[in-house]
Each structure stands twice: as C-alpha cells, then as structure tokens.
Protein chains: 2
Amino acid sequence: MTGARTAAGSRGRIDKRQAILEGAFRVFARQGYAQACVQEIADEAGVAKPTVYNHLTDKVTLFRHALEAVAQTALNERLAALEPLHEPGEDLRATLEEVGHGLLRLHCDDRSCALRRLLYSEINRFPDALDIVRQSGPHRLNEALADRFARLMLAGRLQAGDPAQAAEQFMALLIGPLEARSEMGTRQIDDAELRQVAIAAVRTFLLAFSEQRADGG
Amino acid sequence: MTGARTAAGSRGRIDKRQAILEGAFRVFARQGYAQACVQEIADEAGVAKPTVYNHLTDKVTLFRHALEAVAQTALNERLAALEPLHEPGEDLRATLEEVGHGLLRLHCDDRSCALRRLLYSEINRFPDALDIVRQSGPHRLNEALADRFARLMLAGRLQAGDPAQAAEQFMALLIGPLEARSEMGTRQIDDAELRQVAIAAVRTFLLAFSEQRADGG
DNA sequence: GACGATCTGAACTCACGGGTTCAAGTTAGT
DNA sequence: ACTAACTTGAACCCGTGAGTTCAGATCGTC
C-alpha cells in the first residue's frame, strides 16, 4: 500500500505543498468546506495527514490558500481571453464573437464552476473571501473589458457612451443565458451551444451599441 | 425558562410545522446545510428538538421541505411581477422598466439571495434540488416572459424573432450587472441603483429588439 | 554509512452534532 | 375532571472529523 504514493512522491519532497493545495481545491469543490475532511484531501494529494498540517496550519488556512491560487489562475486566463480585442481586425463582430466564445469556455470550465460554487456557498462563513473575489474576480475583468470598449468608441467603431456599462452588459449577455442553461454548473454545455450563445450575445450587443444597424445572422 | 416559548406557543400548537420550516430556512441560509445544527433550528423556531423530528423525520427532509417552500414563494412573486406585461400601456418602455425594476427588487431580496446561495452550495450533495430549480426556478419564469414577448412581437411592438431568446437576454441584462455589483448577495443595493440598472437594461434591450430606434434617456 | 530533516501510517484525544429516549408538563376536547 | 395527543428539556448513544503524537521509514547530504 506504501507504493501508492510513489506517483506523487517519486519526484522527491519538493512541491508537496502544491499538490496539497490542488488536492484541497478538488475536494473542497466536491464536498464544500464543512464536509471536506482533511484525510480525504491528504489522500487526494498523495500525502499523509500530518504533512498537510505541516505545510498549512489549519483547515481554514488550507481553504483560503487553495481558493486564492485558483482564483488568481482564473483571472489570468480571462484576461488572456481578451487579447484579440487589443488588435481588433476589420471584422469587429468576428472579434467580439471570438472573445465572447473564449470567455464562455472559461466560464464553463470545471474549475471555474467549482470556484463559483465554493464562493457562493462559503461566503457567509468566510466573508473575507470577498477580497479574493474583488481582487481576482469579475471586477478586474470588467475594467479591462471597459478599456477595450473605450478604445473602440474613440475609434468610432462602437457608439460612444459609458464603456463600463457596455462591458457590464456585454458580460451579462454572455454569462446570463449560460447561468440558466447550465443548471448551476451541473450540466456540461457543448462547444457548439457556447458558440451560439456567444453569437446571439454579440448580435444583440452590436444592435444596441454599434453605429450602423448591421443584421448579419 | 419555559416561558420563553410562549411567543410561539401561545397560539396553540398549530403551525409549529410552519415555524420550524421558516426557522430551518433561516438557519440553513446562514450556516449552510452541514454546519446548520438541528438544535439551533429548534431554537430559532421556538421549539424543542424532538418536536422538529416529530414533524419532519430527517435533517434532509427538513432541508428539502424548507427549500421547496421558499422556492415556490419566490417563483410566485416573480410571476406576479410580470403582471404589467399582460396589459402593456402605451409606453412600452415604461412598462418594461417597471417589470424589470420589480424583478430586480425580488432578485435582491434577502430570501432570494439566500435561496440562490443555498442551491449553489448544496447542489452537489442534493442533486435532486435541481428539480426544485427546474420547477420553480428561472425556467418557468423565462417561459412566462417569453409568452409576453411573443404577444408583443405579434402586435408589432417588438422586432419579430425568437421570444425565448429575447426573454433570456432581457433577464440577463437585468440580473447580470447586479450579480457583479452585489458581491454575491452580500451587499445590499439601494432601490435607486436598482432602478438605474433596470433603465439601462431596458434601453439596451429596446435598442436591439424594437422596430424603430428610439433614444430616450 | 551516518546525520538531520522530512514524510508516513496509525492510533489517540476531544468536541460536536444527528438522532433517540423518557419522564414530566401542557393543552384540547369531552 | 379525564384522556389523548403533543411538547419539552435533558440526558444519552454513536459516528465523524479536526488536530496531535509518535515510532519508524525515507531521502538528501556530507
């Protein structure tokens, strides 16, 4: 039975900590904070229980660190998905659809769904988890998106107006329909459906926010 | 110490059950399922622990019934908020704004937020809670809203198209911006801000879905 | 090959909470 | 007043899980 840990332990005792954090997030995501037991986290990480306590003092500490790591990653991925908007091609619609589709794919990612569920469920017991959200959550993403839209407005490719509101509503048109359809992240949504939602969102968005009334569809 | 229960017990032993369910929801909302202890629920309901088990066999039964009751109420309230759309006045924009504002108020209600958080957090442990969502959740509301929009399209007051999608996006434009701003239902949002979000949502919606391009604002 | 640091498994303590039982009290209906 | 149904508080059983301890294994290093 001791050979079972070789998979994780063979590469020395470096970054056991990393393995623990990853395992912790997976277990917390499955079970929620209260029902997740440290032993199971240890097993998931291929590590003994005392080792967990050796690296991270508490169950709460464990929780916070695991959450923070995943939230940080999630934000970076999203910001990266905005990349095409830095050099929007001739076809703005296509660029928006690409970005929208990318954001939706990230939004429906298993880790993202799990993170959202975790935040929602434990926000009462960990009010300071809000800080994690504020720092790496939709806030920062919205600002970045608003920046892009401001440029587009200035360039006359979008109707001039409040870029923050445009960003807010763009995200809403993307995410909103998903929220209902995915049944709280339970059901996996295939890529084709994501693309359709993105296309529909962009169509509505451009109808409202572009100068000329294009009816591509 | 026995006098403490008179507040709840003075009106006889009728609807102790009701009190238990309400107390249960409040406690579950605060603590989540796992962390909520039955004793606390009993206290909250002004009732003894055995009484709780007398009315509702299990902790799980308790949970399900509490959830179901609140979800049912929430749905009914939302459907009622659509009422103005059955007799839309001359000013469609005003009607939509009224309905939107009403929906947002309900959405930000303490009970609604708590219900959403609960569903999100316990959806893993109670997969059948999805049925509650399906029956009394956004699904039914969306259909009702789509019905209204279909009528409006037929009457030529909205651009003809897919009413279901219109409903989906209308809701998204309303709820989406709120989700980010309310910090997962933690922060209370004042009525004026709700109204502004509703107005902005309706403006974008009408820009995309109405025949003539009106620019009221 | 010896040393120090770390990891491991297993057993342990301890608190908490679900669910039950029971004797005593309360209320409604007759 | 008497009964039946219900409620109450308190104690109880029992499983579970956080956090600790410890003896022994394992590894890096010299």
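Please read these numbers as outputs of a predicted model, since none were measured by experiment. Residue numbers start from 1 in every chain, and the chains themselves are labelled A, B, ... in the order their sequence lines are given, proteins ahead of strands. Below, each value reflects all heavy atoms present in this structure, side chains not excepted, and no hydrogens, waters or symmetry copies.
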Engineer: Taking only the side-chain nitrogens and oxygens of A/Thr51, find out if one of them lies under 4.0 Å from OP1 or OP2 of C/dC7.
Structural biologist: no

Engineer: Without swapping roles, check the side chain of B/Arg140 against the backbone of B/Leu79 for a donor-acceptor pair under 3.5 Å.
Structural biologist: no

Engineer: C/dT6 phosphate, OP1 or OP2: any side-chain N/O from A/Asn54 under 4.0 angstrom?
Structural biologist: no

Engineer: Mind checking whether A/Phe149 and A/Phe209 have ring centres under 6.0 Å apart?
Structural biologist: no

Engineer: Let's see if you can work this out: which of D/dT8, C/dT8, D/dT7 has an atom nearest to the side-chain heavy atoms of B/His55?
Structural biologist: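 Nearest to the side chain of B/His55 among the choices is D/dT7.
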
Engineer: Answer yes or no: is there an ion pair linking A/Arg64 with A/Asp58, defined by an N-O contact shorter than 4.0 Å?
Structural biologist: no

Engineer: Surrounding CZ of B/Arg151 (heavy atoms of other residues, nucleotides or ligands, distance under 6.0 Å), is the total greater than 12?
Structural biologist: no

Engineer: Taking the side chain from A/Thr204 and the backbone from A/Ala201, do they hold a donor-acceptor pair closer than 3.5 Å?
Structural biologist: no

Engineer: Once you round it to whole Å, what is the distance between P of C/dA5 and NZ of A/Lys16?
Structural biologist: 18 Å

Engineer: Take the protein atom CZ of B/Phe63 and the nucleotide atom P of C/dG19, then report the distance between them rounded to whole Å.
Structural biologist: 14 Å

Engineer: Look at the side chain of A/Ala48 and decide which nucleotide, out of D/dT8, D/dT20, C/dG9, has an atom nearest to it.
Structural biologist: C/dG9

Engineer: Please encode protein proximity along nucleotides 11-17 of chain D as a string of B, S and -, counting only heavy-atom distances under 4.0 Å.
Structural biologist: ------S

Engineer: Just how far, in rounded Å, is P of D/dA18 from CD of A/Gln31?
Structural biologist: 11 Å

Engineer: Less than 6.0 angstrom from the centroid, inside 45 degrees of the normal: does A/Lys59 satisfy that with respect to the ring of A/Phe28?
Structural biologist: no

Engineer: In whole angstrom, what separates B/Tyr53's OH from D/dG9's C1'?
Structural biologist: 15 Å

Engineer: Separation of B/Gln39 atom CD from C/dA15 atom C1', in whole Å?
Structural biologist: 16 Å

Engineer: I need the CG-C1' distance between B/Asp43 and D/dA10, as an integer number of Å.
Structural biologist: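 Going from CG in B/Asp43 over to C1' in D/dA10 covers 13 Å.
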
